[in-house]
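Because only heavy atoms are used, hydrogens play no part in the values below, and waters and symmetry mates are left out as well, while side chains stay in. Chain letters run A, B, ... following the sequence lines, proteins first, then strands; residues in each count from 1.
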Amino acid sequence: DQQVKQNSPSLSVQEGRISILNCDYTNSMFDYFLWYKKYPAEGPTFLISISSIKDKNEDGRFTVFLNKSAKHLSLHIVPSQPGDSAVYFCAASDRNTGNQFYFGTGTSLTVIP
Amino acid sequence: KAGVTQTPRYLIKTRGQQVTLSCSPISGHRSVSWYQQTPGQGLQFLFEYFSETQRNKGNFPGRFSGRQFSNSRSEMNVSTLELGDSALYLCASSPGGQVYGYTFGSGTRLTVV
């Protein structure tokens, strides 16, 4: 049972434009969310996180939005750069389960120069 | 600061054999988690160790086991290998606690033939 879903397996965006990656979750107990970026042959790299007490968190070109009522989060990358081309995973956890994170299946982003 | 080190990087085993994978976390990190990544399934949580104790376990059969040593290094063992165990196995370390997220290693690519 996939508790975290990324329904778009792939996304292509022109360089300089905005990339929006989406993630849905089913467990209302999730209270902490992260985004990871993964290049081929490397492990995932932490990108940005958000706690359920917030609805937005920014870090440079990356902004994560959380809509708790819709159980939806999104990652915005502005402006998109060719180096952003990678697979992006969202992950969620429930503090009651400690350090266990549930990951989505990933969205492969291609930024076209 | 050294990252998370996983050995070996690649492994080919025969069905029915057993395998041991190793993970050295970032110095000072006491939590080590293991994930299995397969195409279309994203990252599936195997287990988490904290201070030599298994703190969380995912939904995997008993053929998958692990342990953590006093220096926080961790090993994962899979017995009686099946073809479906072919995957990228990722180790992640954390200081411990939900809000820190993970730092992942580059993974061990296991192929069962």
Listed partners of B:Glu52 passing side chain to side chain contact (heavy atoms under 4.5 Å, CB included), at least two apart:
B:Ser70
Only one of A:Phe89, A:Phe101, A:Tyr32 passes ring pair (Phe, Tyr, Trp, His ring centres under 6.0 Å) with B:Tyr102; say which it is.
A:Phe101
Closest heavy-atom contact between A:Ala41 and B:Ser106?
O-CB, 4.3 Å
At a heavy-atom separation under 4.5 Å, does B:Gln6 approach chain A through its side chain, its backbone, both, or neither?
neither
Those residues of residues 59-67 of chain A that come under 4.5 Å of chain B on a heavy-atom basis, listed by number, are none
Which atoms of B:Leu90 approach chain A - backbone, side chain, both or neither, heavy atom under 4.5 Å:
side chain
Enclosure of B:Lys57 NZ (heavy-atom neighbours >12, cutoff 6.0 Å):
yes
More than 12 heavy atoms from other groups under 6.0 Å of CG on B:Asn71:
yes
Please report the interatomic distance NZ(A:Lys38) to CD(B:Gln37), rounded to the nearest 0.5 Å.
5.0 Å
If two hydrophobic side chains count as joined below 4.5 Å and joins carry through other members, does B:Val112 share a cluster with B:Leu46?
yes
Please identify each residue that fulfils salt bridge (charged side-chain N to carboxylate O under 4.0 Å, His left out) with B:Arg9, with sequence neighbours left out.
none
Transitively linked via ILVMFWY side-chain contacts under 4.5 Å: A:Ile48 with A:Val4?
yes
Count I, L, V, M, F, W, Y as connected when their side-chain heavy atoms are under 4.5 Å apart, and connections chain through other members. Are A:Phe103 and B:Phe60 then in the same cluster?
no
Do you know which of A:Gly106, A:Gly43, A:Pro44 has the most heavy-atom pairs with chain B at a distance under 4.5 angstrom?
A:Pro44
Are B:Leu83 and B:Tyr10 co-members of a hydrophobic cluster defined by side-chain heavy atoms under 4.5 Å apart?
no
Contacting region of B:Tyr35 [heavy-atom separation from chain A under 4.5 Å]:
side chain
Counting heavy atoms not belonging to A:Ile18, are there more than 12 under 6.0 Å from its CD1?
yes
Is the A:Tyr36 ring parallel, tilted or perpendicular to the B:Phe104 ring (thresholds 30°, 60°)?
perpendicular
Can you tell me which residue pairs pass the disulfide bond (SG atoms under 2.5 Å apart) test with a partner in residues 21-54 of chain B, sequence neighbours excluded?
B:Cys23-B:Cys91
